[in-house]
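Report on one structure; see the data block that follows.
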Amino acid sequence: PANACRLHMNISTPYEAISGRIPTFYIGNTTSIISLILYEDLPSFIICIMLLCLGIIMVVYWIIVHKRVAILPTICYLGISAALLSLWTLSQNRFTALMLNNNLVTVYASFHVFMLLPLPVMLFIQSYYEDDKSKLWKVIFFFFFLQNIICIALQYLKILDFMHTLWTSF
């Protein structure tokens with residue numbers, strides 16, 4: 001209504017863990033709201049883009065150098081880890097959500113990237129210590145993939161949400 005002085009909203013969430021949180025409401029016109037989000041989140045957005053570029057540069061550098069010299073893929077795994085970390089952080093950024101206009105995509109991307117993040121970190125550690133012969137790594141990688149498949153299946157079969165299975169990633 002045009003002359004309304006009071007607004008009453010009932011907000012509910014399916015997650016008990018966040019049921020007491022009060023969501024953020026923005027008051028103002030579109031330009032002022034976008035300006036506020038840009039002012040608050042643009043620095044972290046830029047840092048995430050720089051980290052993503054650094055990760056991509058590390059992977060490309062390893063690909064170029066690996067063709068000429070036999071080197072371990074340590075820098076490649078570190079670059080992939082940096083890129084995934086920046087993608088996860090970007091998916092949590094309000095500026096990214098504002099640009100993409102599809103909150104569901106950013107939420108699912110966030111969970112998938114976060115679930116994949118341990119793999120390149122483990123590969124980096126394995127490569128750094130040059131421990132290729134240990135069977136322990138194969139067992140760890142097997143359980144990592146099994147855990148990811150189970151978590152994704154539970155989500156898409158609507159048995160358990162990513163939010164409830166995320167703790168198993170680390």
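We number each residue from 1, following the sequence as shown.
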Between [X] and [Y], is there shared hydrophobic-cluster membership here, with clusters defined by ILVMFWY side-chain heavy atoms closer than 4.5 Å?
{"X": "Leu146", "Y": "Leu160", "answer": "yes"}
{"X": "Leu38", "Y": "Ile49", "answer": "yes"}
{"X": "Phe111", "Y": "Leu104", "answer": "yes"}
{"X": "Phe143", "Y": "Ile152", "answer": "no"}
{"X": "Phe142", "Y": "Leu136", "answer": "no"}

Which side-chain N or O atoms in residues 56-78 pair as donor and acceptor under 3.5 Å with protein atoms at least two apart or in another chain?
| residue | atom | partner | partner atom | Å |
| --- | --- | --- | --- | --- |
| Trp62 | NE1 | Leu72 | O | 3.1 |
| Thr74 | OG1 | Ser127 | OG | 2.6 |

Quiz prompt | Option among Leu85, Thr89, Leu87 that satisfies the side-chain contact (heavy atoms from CB on, under 4.5 Å) test with Val113 | solution =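 When Leu85, Thr89, Leu87 are each tested with Val113, the side-chain contact (heavy atoms from CB on, under 4.5 Å) holds only for Leu87.
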Quiz item: Can you name the closest pair of heavy atoms from Ala83 and Ser86 and give their distance?
Solution: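 In this case the closest contact between Ala83 and Ser86 is O-OG, 2.8 Å.
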Quiz item: Can you tell me if Thr96 uses its side chain to pair, donor with acceptor, with the backbone of Leu90 under 3.5 Å?
Solution: yes
Distance in Å, [X] [atom1] paired with [Y] [atom2], rounded so as to fall on 0.5 Å steps:
{"X": "Leu36", "Y": "Thr31", "atom1": "CG", "atom2": "OG1", "value": "12.5 Å"}
{"X": "Lys133", "Y": "Lys138", "atom1": "NZ", "atom2": "NZ", "value": "10.5 Å"}
{"X": "Ile125", "Y": "Ser81", "atom1": "CD1", "atom2": "OG", "value": "8.5 Å"}
{"X": "Leu42", "Y": "Arg94", "atom1": "CG", "atom2": "CZ", "value": "12.0 Å"}
{"X": "Asn93", "Y": "Thr106", "atom1": "CG", "atom2": "OG1", "value": "10.5 Å"}
{"X": "Phe144", "Y": "Met115", "atom1": "CZ", "atom2": "CE", "value": "7.5 Å"}

Practice problem: Please collect all salt bridge (Lys or Arg N to Asp or Glu O under 4.0 Å) contacts where either partner lies in residues 117-126, sequence neighbours excluded, each pair once. | Solution: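 Qualifying pairs: none.
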Quiz item: Is any side-chain heavy atom of Leu123 less than 4.5 Å from a side-chain heavy atom of Trp137?
Solution: no
Practice problem: Look at the aromatic rings of His112 and Tyr156 and report parallel, tilted or perpendicular, splitting at 30° and 60°. | Solution: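 Plane angle under 30°, so parallel.
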Exercise. In sequence, state the C-alpha distance, the side-chain angles, and the governing distance for Cys151 and Gln147, and then conclude on side chain to side chain contact (heavy atoms under 4.5 Å, CB included).
Key: CA-CA 6 Å; Cys151 287; Gln147 173 267 338; 3.4 Å; yes
Practice problem: Show your reasoning for whether side chain to side chain contact (heavy atoms under 4.5 Å, CB included) applies to Phe145 and Leu119. | Solution: CA-CA 9 Å; Phe145 283 114; Leu119 180 63; 3.9 Å; yes
Quiz item: Does the side chain of Asn29 pick up a donor-acceptor pair with the side chain of Ser32 at under 3.5 Å?
Solution: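 There is such a pair between these side chains.
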Exercise. Evaluate the criterion side chain to side chain contact (heavy atoms under 4.5 Å, CB included) for residue pair Met50 and Ile46; output intermediate values, then yes/no.
Key: CA-CA 6 Å; Met50 289 171 44; Ile46 292 171; 4.0 Å; yes
